[in-house]
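Everything numeric in this text was worked out from a predicted model, so none of it was measured. Just so it is clear: chains get the letters A, B, ... in the order the sequence lines come, proteins before strands, and each one is counted from 1.
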Amino acid sequence: MSDLKASIAEREQLLGQLRDVLIDRMRLRREPDEIDADAPLFGAGFALDSLDAVELVVCLDTMFGISIPDNAMLRQYMRSLNTLADLVIAHRREHGARG
Amino acid sequence: MALADEVMAVRTSVTVADGEHLAAVRVSGRDAHELLDRVSPRQLFVRSGQMLHTLFLDDAAKPIADVYVCCDEDDYLVIAEGLDGQALAAYLRSQRDGLDVQLDDRASTHAFVCVDGPYAWELIAEVTSPDVIGVPYLSFFHDARFTCFRAGKAGEYGYDLLVPREHLSSVRERLLDAGQAFDVQVASRDALDTCALEAGFFNVRHEVRDGLTPVELQLQWRVTAGRAHPGHETLARRRGAVVQRVAMIAAPSALPTDGVLELGGVRVGRILHTRWSYVRDEQIALALLDVGVSYAGLRGFHCGETPVRTISAPTVNNRSLYVDPQRHSWARRASVSFPALTRPIT
Amino acid sequence: MAAIIGHGAVSSLGYGSARIWSAITEGHDGIAPIRRFEPTGFELGALVPDRNAPAHGGPTLCTEIAIAAAREAWERAQLDSIPRERIALVVGTSLGEAGVRAHEITVAVGTALGVGGPHLTVSTACASSTNAIGIALDLLALDAADVVIAGGTDVLTPLVHAGFAALGVLGREKCAPFSEPPGTTLGEGAGFLVLAREATAALHVVGYGLSTDAFHDTGPDPTGAGIVRGLRAALAHAEVSPELVDYVNAHGTGTRANDPAEWRAIRQVLGARADTVPVSASKSFLGHAQGAAGVLETIATVIAMEHGRVPPTQRYTVARPNTPPDPVASPTARAATCNIALKASAGFGGANCSIVIAREPRPRVVERRPIWLAGHAAIRPPFDLASIVPSIDPRGLDPSTRYLTAGVALALADAGLRLRADERDRTGLVVGLVSASPESDAALDESVAKYGYRGLSANLFARQVLNAAPGTCARLLGVRGTHSVVSAGTASGLAAFIYAAELLATRRDVDAIVAAGLDEAVAKDAIEGAACAVLSTVSRSVRVAGWHVSGAGRMREAARRALEMARFDDVDLVIDDAFDLVGSSPAFTPAYAVVHAATLVQRGAARRVLVTRSGEGIECALVIGGNDE
């Protein structure tokens, strides 16, 4: 059960950080509690565009130390806040420390 | 055509399907914008040629239609799933007091044909013009024989054609004919619903229950806070007081619709919409969970004896993300090595 | 039409046009690892080589290389006997020089060379210097000068480099247009042509065309539709049929987005022949010189044509899909018959400009058709954009974009114009201003301060170009025809009106052009907003009867010539620099003066009005009158 609590806490915290990125860096005009974790980032949903995608890649690097040179690899995780969180969590497991 | 084959065709080539589940109403007249402004929960920032993806709600803020509001010069076309043409027109009529609008249900004169898949753009280009590659997602254009809406809910390239009924069979024929070069398959609504669930697209025909609003359904992006529309008061109250929220789940074997979900022996939610995912080779579902546990990436849930875990949406790695009409084509697909249809993580 | 009687260049290949010739005969390029500053992420650039200049690499490099290139061009032209006031100067620049307004670079170049005729600055990102060459043709046709020095300049700074990196368009290897790997290499440089109306020369610029993609703020329309409009406008202006084109010098940046879109456009315009016409990209040896790219690549084309060759695309190995089959793949220029060449340029914000270069002079009779002022509007904050154009989300737009979009929308509404489909391609926008949005500028500074160059916001960087607001406005309102952005210091608004009038009067592929003067917080307490008017070929109550531009201190001449065009002996009202109904600002006020004049004529309070304004190095005069005047 405490594993569950830890997982929930980790995801909650990450989602909070990612919501801040959307609001501060991508200038998304929504309140944090309006930003659903599974909502699409590109196309539908928040309609981020190709420029935002490039910026998001930079954020992943500067905030979480994730620097994957293969754009195609990254693209599959830039679908929703949840998939981004999946990537960050997996990266942490693999690399130990926080980015 | 087996369901599995239809789904894989949507995921890897191109499919043609009937669009009987869609209704279209043309809204015209001086106050067309005003009427739609009254009913749309989302601010109508939509210019001519563009589509706005939103919902129509009842007074309890329950979604009754999954809607595209399309701006066509001075008029609007409202395309909806969840209400037939008559019900859609009735809904709009109920809000039009004092307004100068005409409502024109297209159901008797028009029908939809849906084209989906990573190479759907190429088939549509074949039957319209190569300029289709410049048509952005959620925009539309008029062709001589039909109006083509670039939308789609499978998470792939998707084009919904609104065709006058007298041209319907010739347009379908043309698509299937030209589609031979693309291994086109005819797909059922079932296959496309499976793909929509995999892709994390809301399905108004399967996922709504009494008491649910866009807040529970993770559809807040379709709503602009602070607007007056049917259900807006309920919605405003619910935002600060939500107790349940949907999440995607996965399980190794079949799950029952409306099945109860438990965590540590305690009931924490229920299943709204479930299907077998051929791409993931497991059962997936949209579940309604208590907010305290409605997070992706958790294990330990059960539905009866079946173990269940929460996952992120979308649940597949759509091939369309990697197909660039500027440099790819169906004919040369073998020369491209696409990533797998599922992500390595979850 | 104009004869090319001189050219000068400072590029990554060195000082002098001759360096470009060496590069394309010996097969080398100007791309190397950047040493001048610590580059962000991508180490290659095409920088102007070191030279013993006092402030080399310093803050005034942009102006210095412009002066050097202009001097070389002037010397080559050998025209010392021309009266100074008959020489005009047009400078194109994308981002100019830090701390200095774009038009000030033009003034500095003009002063260094002793130019006494009208000075004009054009800023449409990477299409700037190509547009400058085009404007030279208009100045000659207008008889505002006998000789025009036209070109552009831009420099590579750490910020610019980081900005392009943030946009995801730079490559890790030297750019290989139409080939692998995709990605462009940023550079810098300055170049000028000297163009004369009457002269014997080997080559001539015989026409040019403008358009805007109106598709996306940084990416091109993948169908190439915007470039098609620009190419067709150029050929129509030159009265050259597409069958006669035997070489195309492409914009050819080497990016994934540009190359296939551009090739689609070329194929659409040239038809089936396109597969047999050589299409090469000079950025392969010059790098991407930003606003100066157009003129430098034109010089490469001109030098090659003078020697019976066409410039190459270097480093071309494998063909990327949907690119020209004959990119002149070679380190060196190839011998080829070339009598008519097309030079295409495209820029951020969607601006496109193409010019037509011909061996034979193709003199044309310039016929000006009558034009009217169909509608107008002037808007100043505060206002609510959503109530003016309900379909547009105003959040996320900077003030310049909001002012211009509101002003243009209101002017179109006042003119009773609801643009439909094809009409959009035939409706243009010409904006006068002096800078990009200061708010976006400050936001970019903040982004850099917070996140450093590596985390710089691509969106905010894209707003640095002076044509950012006009490009976004055109996209939001669907105004896709003739498109340009000019600056003339304190006369910017009036210069835009005059340029719009000349374009509309002399071309057949456009039906209406919205002219605008746009200012945002140019100084403390300065007026801000947008004053716009729709110029139209459809008869209305207010006629735009005459216009002219002259060099500094020659306002009487500008006024006289404008009256001459209008065929008026006199006017009953003059609105000049003293006009301050709304206070003073470089673009809004002069534009508003025209709007005000039109209102007076409409009301019958005046029959013929002369509007004048002095700018930096230019005097502008415009005459409007009642329809029965």
Chain B interface, residue from C:Arg256, C:Arg418, C:Gln268 that has the most non-hydrogen pairs under 4.5 Å: C:Arg256
May I ask you to name which of C:Asp259, C:Leu476, C:Val389, C:Asp221 has the most heavy-atom pairs under 4.5 Å with chain B?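 Of the candidates given, the most pairs with chain B belong to C:Leu476.
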Which bit of [X] is near chain C, if near means a heavy-atom gap under 4.5 Å: side chain, backbone, both or neither?
X: B:Ile133; result: both
X: B:Ser48; result: side chain
X: B:Pro136; result: side chain

Would C:Arg264 and B:Asp131 count as a salt bridge (Lys or Arg N to Asp or Glu O under 4.0 Å) here? Give the steps. CA-CA 10 Å; C:Arg264 281 180 58 105; B:Asp131 286 347; 2.8 Å; yes
Which atoms of [X] come close to chain B, meaning under 4.5 Å heavy atom to heavy atom: side chain ones, backbone ones, both, or neither?
X: C:Arg320; result: neither
X: C:Ala225; result: neither
X: C:Leu419; result: backbone

Salt-bridge present (B:Asp74, C:Arg420; N to O < 4.0 Å):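 Yes, charged N to carboxylate O under 4.0 Å.
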Using a strict threshold of under 4.0 Å (side-chain N to carboxylate O), is an ion pair present between B:Arg327 and C:Glu180?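 So C:Glu180 does not pair with B:Arg327 through a salt bridge.
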Min side-chain heavy-atom separation C:Pro390-B:Phe45 under 4.5 Å: no
How many angstroms lie between NE2 in B:His33 and OG in C:Ser391, if you round to the nearest 0.5 Å? 8.0 Å
Go through B:Val46, B:Asp324, B:Asp37, B:Leu52 and name the one with the most non-hydrogen pairs under 4.5 angstrom from chain C. B:Val46
In terms of heavy-atom pairs under 4.5 Å with chain C, which of B:Gln43, B:Gln50, B:Arg47, B:His328 leads? B:Arg47
Over 12 foreign heavy atoms within 6.0 Å of [atom1], [X]:
X: C:Glu173; atom1: CD; result: no
X: C:Asp422; atom1: CG; result: no
X: B:Gln102; atom1: CD; result: yes

Which pair of non-hydrogen atoms, one from C:Pro222 and one from B:Gly134, has the smallest distance, and what is that distance?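 Looking at all heavy atoms of both residues, the shortest contact is CG-CA, 3.7 Å.
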Nearest heavy-atom approach of C:Pro321 to B:Arg332 is CB-NH2, 3.8 Å
So, the side chain of C:Asn322 versus the backbone of B:Gln326: is there a donor-acceptor pair under 3.5 Å, distance only?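 Such a contact is found between C:Asn322 side chain and B:Gln326 backbone.
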